[in-house]
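Computed from a predicted structure; not experimentally measured. Worth knowing before you read on, the calculation uses all heavy atoms, side chains too, and leaves out hydrogens, waters and symmetry mates. Letters go in sequence order (proteins before strands), and every chain restarts at 1.
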Amino acid sequence: MSEKVDKDHEEGAGRSGFSRRSFLQGMGLAASVASLPFNVRAGRADEVGKGGGVGPGPVQMTLKINGQAAAVEAEPRMTLLEVLREKLDLTGSKLVCDRGSCGACTVMIDGQSVNSCMLLAIDAQGKDITTIEGLVHPDGKLDRVQEGFIEHDAQQCGFCTPGFVMRAHGFLKENPKPTLEQIREGLSGNICRCGTYTHVFAAVLAAAQKEG
Amino acid sequence: MATTDPRNRVALENDGSRVDARAKVTGAAKYTHDIKLPEMMFARHIRAPFSNAKLVKADLDAAKKIKGVIEVNLEPEGRGDYAGQSVGYVCAESPRLIKDAMKALNMEWSNETPAVDGHALKGELPALEKKKPDDVDQAELDQVLGQAKHVIEANYETQIQHHVSLETHSSVVQVADGKIKAWGSTQGTFAFRDGLAKDSKIDKANIEVNVNYVGGGFGSKLMAGIEGTLAAQLAGKYNRPCKVVYTRKDESLDTGMRPGTIQYYKLAADESGKILGGRFYSWGLSGVKNTGGGGVKSATYNLGKFAKGGAEISLSQCPARPQRAPGWPQGQFAMESALDELAKACGLDPIAFRKINDPKTDRHKQYDTAMKEIGWDRRKPDGQWPGVVKHGFGCGAIEWENQMFFGAGAEVRIYHDGKVDIRSGAQDIGTGTRTLIVDLTAHTLGVPREMVTGLLGSAEYPTAPFSGGSMVSRSIAPPIIQAAEQAKTQVLELAAKELNVPADQLDVKAGAIVAKADGAKKMEWAAACKLITQDFLQSVVTKADVKYRGKGDSDGVALAEVAVDTETGVVRVLKVVIVQQCGIVVNRKTAESQIAGSAIQGVGFALFEERIMNAVNGAHVNPNMEWYKLPGPVDIPEIVPILDVPEDATGVRSLGEPTLVGVPAAIANAVANATGARVRSLPLTPAKVMAAMSEKGAKA
């Protein structure tokens with residue numbers, strides 16, 4: 001995970017006027033807060049600084065997802081995962097633990113893998129978001145990680161699979177030639193119940209042999 | 001690292017990838033959680049917070065007046081026998097609004113009577129009821145136990161385990177014109193439909209169910225469940241589709257569990273290590289008004305004069321449900337631990353001791369294979385591995401009978417372009433069933449697997465069992481093979497006229513129809529299929545001939561190597577070898593995935609997983625995924641799956657559940673070997689390992 005620390009985040013509230021810390025506390029989780037690998041930036045500049053912030057009702061937001069701008073109306077309290085699934089019908093990212101402990105909702109944000117259940121959609125504006133749906137090349141060719149997962153049967157029920165694929169994709173960007181031990185640690189935020197980890201490791205090792 | 005073992009003979013010469021792998025790795029696979037319909041409502045149950053709970057007050061008005069909340073239904077004097085029991089529901093326009101309404105209810109509950117805590121009952125266990133009368137003369141047995149050279153006696157405990165399906169229990173139901181269309185995260189396509197029919201009073205024929213992708217089940221999703229009932233009820237009432245999705249907490253509280261056990265063994269052996277007799281009692285720690293607990297005593301060993309009994313204890317928790325090999329991993333943990341203790345008393349190597357008492361010589365050979373693979377010769381006497389981090393080796397036998405066959409059918413359709421589909425009402429919960437039906441069909445017809453589409457998860461397709469007892473593959477394989485054989489014969493008859501060769505002199509190889517005697521006489525499969533006169537050629541089997549069944553048991557062995565840090569008590573499983581007898585291997589990758597899953601779930605059961613309840617009020621302490629620990633990537637051992645396929649195997653046998661049976665026992669025995677101090681209670685937490693070592697040290 002990134003070591004980046006954002007000033008706004010440190011102060012407890014982003015310029016969007018929302019306190020991420022209280023949001024996370026509201027969900028009963030402390031452990032993952034310190035390592036959130038993204039910057040906190042404004043939601044809508046014109047809504048900020050007027051005293052009351054935005055919400056609680058739905059507000060307009062624009063998200064850049066898989067290379068395209070998506071205009072959505074959503075409550076500021078909604079997580080990116082909720083907006084992806086409920087508003088945009090991008091259901092490849094899964095809701096499993098709802099509190100950052102399983103990785104099934106992993107997406108890429110500005111080149112880093114992030115749990116989308118731990119990020120407010122409004123704070124994801126202005127960032128490059130890639131979901132599992134956007135990982136396939138426009139010509140239909142799969143990403144090398146996806147190919148590895150198919151070849152090594154790195155899925156059983158498949159519910160954790162999109163999250164693992166996204167995490168592995170992000171991991172290989174930072175560690176192009178990993179050892180098995182590095183893969184274990186790099187993927188350790190993700191959980192599979194069927195028990196297909198050894199096949200996931202093999203898939204990621206195989207993907208690392210190919211050009212990204 | 002290889003994921004497939006070249007020793008694993010593939011009877012169908014098929015090593016293809018899972019047929020729905022692309023859908024799964026691209027996020028295209030639509031699970032019940034992913035279904036979205038116009039005008040869809042959302043609903044969830046309101047649940048009691050602890051056991052024996054009585055609702056004191058709730059602000060119904062505050063919840064109802066939230067804009068977008070459609071209905072709040074809560075008994076004013078609601079009672080819950082256990083934490084998580086449903087006492088009402090909220091229906092709203094979005095999942096977030098359900099949360100708002102639940103919060104606005106601001107419920108207060110009183111706790112009338114304390115919970116029943118199973119492990120606190122130790123020392124005052126309820127009287128044993130014999131499950132069936134033993135014909136063992138107790139006085140004679142006492143004499144055997146009294147005079148034997150070696151006797152061991154101990155209690156073994158196992159925890160309550162959750163299924164933790166990643167896709168929580170969920171249903172989407174639409175009611176229109178007296179017909180139901182439903183999606184369900186279920187292990188039973190037909191059970192789901194029948195449950196909806198019962199609830200809605202709508203005829204089965206008018207219910208369409210879709211069970212295409214299921215995010216795990218492990219035994220917890222065998223029925224329509226109250227999620228299906230609620231979705232159907234509200235969809236009918238409001239004439240709008242309704243979606244019910246359990247939260248992670250709901251899933252932890254009220255979708256069943258593997259019951260806990262306390263198991264007593266007394267075993268006696270003579271000087272040579274032959275077991276002379278013993279006693280076994282099992283107490284099952286199950287849920288409210290519920291049975292199904294206790295450990296299975298397997299028939300692995302000749303135990304001489306042996307008496308057994310058991311009793312059920314109802315705890316203040318949700319009722320149990322079957323979980324992967326119900327009763328078996330916990331039963332085998334107790335039995336194999338007791339056997340290791342007796343082997344030690346006899347001064348024998350654990351596997352040498354087992355060979356004396358295990359009549360199945362096939363398993364003796366499996367031990368030899370597994371011992372070589374894991375390096376059993378590196379095993380030191382208990383606690384003698386040098387250094388702080390001590391390695392240990394242990395074993396556990398796998399016993400599984402393939403007795404039950406569920407009535408199942410199959411339908412093969414062949415179209416004019418040569419494409420084929422195979423229809424079965426089975427469901428694929430991650431087991432690879434869709435891949436199995438495609439590969440069996442393609443192999444039987446002699447066409448490339450790419451020409452075959454597997455259709456399942458609909459009750460309009462031929463009958464198939466629910467995913468339980470590892471019955472699906474071995475029950476649906478016979479009708480699939482038979483239906484495909486019949487369809488092949490029909491296509492060959494069409495080709496026979498064209499080639500002027502009798503149909504029984506033709507065969508299909510790699511998608512071409514060839515005369516057996518004259519390779520020059522041939523035609524493409526697709527060309528023959530053009531001659532089909534109907535819309536499509538159809539072959540239906542409703543009851544298969546018994547000759548297609550897989551015969552024999554699915555026995556095996558599991559061996560584990562562990563490393564125990566004797567300064568912290570932390571256990572790491574380094575390697576698990578499973579040698580598993582099975583029938584023909586239809587698809588090697590998915591078969592090996594089943595074994596890997598068993599090894600890993602076995603690690604979870606042995607080391608980490610445990611439902612923790614508040615002993616006073618029965619609240620669930622860890623109903624989530626950070627405090628209920630599942631094995632993660634760093635906890636995973638090297639896994640060696642060895643499929644032991646008899647040369648004469650013809651049919652399909654069980655695989656998914658048996659492979660789990662011996663794993664926790666092997667790990668526990670390996671830990672005892674490493675430390676020299678036996679922990680008789682799962683999970684093997686660092687605290688228990690340290691406590692056992694200090695107790696041992698104190699005695700020494």
Side-chain angles (χ1 to χ4, degrees), chain A residues 28-29 31 75 77-78 82 85-86 89-99 101-102 104 131-133 135-136 142 145-147 149-162 165 180 183-203 205, chain B residues 1-4 17-18 20-31 33-34 36 94-96 163-168 213-218 245 247-248 428-432 589-590 592-594 596-601 603-604 624-626 630-639:
Chain A
L29 184 107
E75 293 164 50
R77 64 176 177 170
M78 288 183 87
E82 285 174 300
R85 292 182 54 82
E86 294 175 24
D89 207 25
L90 292 169
T91 55
S93 310
K94 304 299 184 202
L95 185 145
V96 172
C97 71
D98 205 11
R99 55 210 294 176
S101 50
C102 77
T131 68
I132 187 73
E133 290 87 354
L135 205 59
V136 184
L142 298 180
V145 173
Q146 293 170 313
E147 287 175 348
F149 270 59
I150 293 176
E151 179 59 29
H152 291 274
D153 199 35
Q155 63 276 308
Q156 292 186 33
C157 84
F159 212 68
C160 71
T161 309
V165 168
L180 175 59
I183 291 171
R184 287 167 175 276
E185 293 190 5
L187 303 184
S188 66
N190 289 49
I191 293 290
C192 159
R193 180 42 151 170
C194 297
T196 189
Y197 295 109
T198 44
H199 293 217
V200 170
F201 304 155
L205 278 172
Chain B
M1 64 188 287
T3 42
T4 55
S17 290
R18 197 175 285 259
D20 46 14
R22 187 182 167 107
K24 287 178 176 175
V25 302
T26 57
K30 287 277 181 192
Y31 297 75
H33 271 207
D34 305 330
K36 189 180 175 186
S94 79
R96 277 281 181 181
H163 302 79
V164 205
S165 305
L166 293 196
E167 185 185 30
T168 57
Y213 290 97
V214 182
F218 313 109
V245 174
T247 61
R248 180 53 49 192
D428 188 339
I429 61 168
T431 40
K589 287 181 183 176
T590 53
E592 292 185 354
S593 283
Q594 283 290 297
S598 282
I600 291 167
Q601 292 189 1
V603 169
N624 49 52
M625 288 175 71
E626 64 259 36
L630 295 173
V634 296
D635 305 312
I636 303 308
E638 180 191 350
I639 299 164

Hey, is the main chain of [Y] close enough, under 3.5 Å, to the side chain of [X] for a donor-acceptor pair?
X	Y	answer
B/Lys24	A/Gln156	yes
A/His152	A/His199	no
A/Arg193	A/Cys160	no
B/Arg96	A/Glu82	no

Engaged part of [X] at the chain A interface, taking heavy atoms whose separation is under 4.5 Å:
X	value
B/Ile636	both
B/Thr590	both
B/Val164	both
B/Tyr213	neither

If you count heavy-atom pairs under 4.5 Å with chain B, which of [options] comes out on top?
options	value
A/Gly195, A/Ala104, A/Cys157	A/Cys157
A/Cys192, A/Gly189, A/Gly186, A/Ser188	A/Ser188
A/Glu86, A/Glu75, A/Glu133	A/Glu86
A/Leu142, A/Ile183, A/Thr196	A/Leu142

Does a side-chain N-to-carboxylate-O contact under 4.0 Å join A/Arg85 and B/Asp34?
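Answer for the salt bridge query: yes.
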Hey, are A/Glu151 and B/Lys589 close enough for a salt bridge, meaning a charged N less than 4.0 Å from a carboxylate O?
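A salt bridge links A/Glu151 with B/Lys589.
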Option in [options] with maximal non-hydrogen atom pairs under 4.5 Å from chain A:
options	answer
B/Ser593, B/Gly432, B/Ala596	B/Ser593
B/Lys36, B/Arg22, B/Gln601	B/Arg22
B/Gly27, B/Pro633, B/Ser165	B/Pro633
B/Pro95, B/Ser94, B/Ala28, B/Gly604	B/Pro95
B/Ile600, B/Val245, B/Asp20, B/Val25	B/Val25
B/Ala29, B/Gly597, B/Ala23, B/Ser598	B/Gly597

Test side chain to side chain contact (heavy atoms under 4.5 Å, CB included) applied to B/Pro637 - qualifying residues, sequence neighbours left out
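For B/Pro637, the residues satisfying side chain to side chain contact (heavy atoms under 4.5 Å, CB included) (neighbours in sequence not counted) are B/Val573, B/Val576, B/Val603, B/Ile639.
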Examine whether an atom of A/Leu95 lies under 4.5 Å from a heavy atom of chain B, and if so say whether it belongs to the side chain, the backbone or both; otherwise answer neither.
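Interface part for A/Leu95: backbone (N, CA, C, O).
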Any idea which heavy atoms bring B/Arg248 and A/Val96 closest together, and the distance?
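It is NE-O, 3.0 Å.
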For A/Ile191 versus B/Gly632, what's the shortest heavy-atom pair and its separation?
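Of all heavy-atom pairs spanning A/Ile191 and B/Gly632, the closest is CD1-CA, 4.1 Å.
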Can you confirm whether the side chains of B/His33 and B/Thr168 place a donor and an acceptor under 3.5 Å from each other?
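Result is yes, a qualifying pair exists.
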